Amino acid sequence: MGRVEVLQLLVSAVHRFEGRPGEGVPPLPDAELVTTARVRAGLGIVGDRYFNRPAHRNASITLMAAERLPRGPAAADLRLTRRNVLLGGVDIDAWVGATISLDCGTGPVVLAVHRAARPCAWMDTTLGPGARRALRDGGGVRCRPLTDGTLAVGPAEFTVVEPAPAKH
């Protein structure tokens, strides 16, 4: 497929967005934005809130395209969307059902793209009014890691390992 950019990585041990959006945005620590993230096959990102959670095994890593953000890539901040990987240069939402890989220079991390990551009401609070609607078909994807590896901020090679099955 080609070169993409891993713009941000978020690893957070806690959920953060709890309660009602009208109560305001909770503190979003800078330390949750990291430059590298260790991935374990079938488990997720080491240290993340969804790591080794049985209910989230098919959705333990979330990817999002920076180009889909309502204010564009320049205003990108994964702490506001709670996705794990922010990519530039690929419409990741188009790959639901496919198996992809991201190679940040240390070997490919293979991911099964299972389903869309639906935006929630918090998006209107964190990104601005209308963001939830704007991200309805572009809120990112939820993936299951199929291999161990490391993701890193910077250039990466994006490959479609197996396309999504044809819809009948």
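For the numbers below, each heavy atom of this structure counts, side chains included, while hydrogens, waters and symmetry mates do not. As the structure is a computational prediction, the values presented were derived from the model and not from experiment.
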Quick one: are [X] and [Y] in side-chain contact, heavy atoms under 4.5 Å?
X      : Y      : answer
Val90  : Ile100 : no
Thr159 : Pro108 : no
Val4   : Leu102 : yes

Taking side chain to side chain contact (heavy atoms under 4.5 Å, CB included) as the test, write out the residues that go with Thr36, two or more places apart.
Thr150, Ala152
Side chain to side chain contact (heavy atoms under 4.5 Å, CB included) partners for Val153, two or more places apart:
Leu9
Measure from the side-chain N and O atoms of Ser12 to the backbone N and O of Glu32, and report whether any donor-acceptor pair falls under 3.5 Å.
no
In terms of hydrophobic clusters joined by side-chain contacts under 4.5 Å, are Leu146 and Ile61 together?
no
Cluster link Val160 to Val6, ILVMFWY, side chain under 4.5 Å
yes
So how far is it from [X] [atom1] to [Y] [atom2], rounded to the nearest 0.5 Å?
X      : Y      : atom1 : atom2 : result
Arg142 : His56  : CZ    : NE2   : 7.5 Å
Arg115 : Arg144 : CZ    : CZ    : 12.5 Å
Leu151 : Leu63  : CG    : CG    : 8.0 Å
Glu67  : Leu69  : CD    : CG    : 8.5 Å
Met64  : Leu10  : CE    : CG    : 12.0 Å
Arg68  : Leu87  : CZ    : CG    : 12.5 Å

Shortest non-hydrogen pair, Arg3 vs Pro155, comes out as NH2-CB, 3.2 Å
Step by step, would you call Val11 with Phe51 a side-chain contact (heavy atoms from CB on, under 4.5 Å)?
CA-CA 10 Å; Val11 179; Phe51 183 78; over 6 Å; no
Please name all residues satisfying side-chain hydrogen bond (donor to acceptor under 3.5 Å, both in side chains) with Arg38, sequence neighbours left out, ordered by chain then number.
none
Taking only residues two or more places apart in sequence or in another chain, which ones pass side-chain hydrogen bond (donor to acceptor under 3.5 Å, both in side chains) with Ser60?
none
Qualifying side-chain hydrogen bond (donor to acceptor under 3.5 Å, both in side chains) pairs, either residue in residues 96-111, two or more places apart:
none
With sequence neighbours excluded, tell me which residues meet salt bridge (charged side-chain N to carboxylate O under 4.0 Å, His left out) with Arg40.
Asp148
Partner of Asp48 under side chain to side chain contact (heavy atoms under 4.5 Å, CB included), chosen from Thr62, Leu43, Val39, Asn84
Asn84
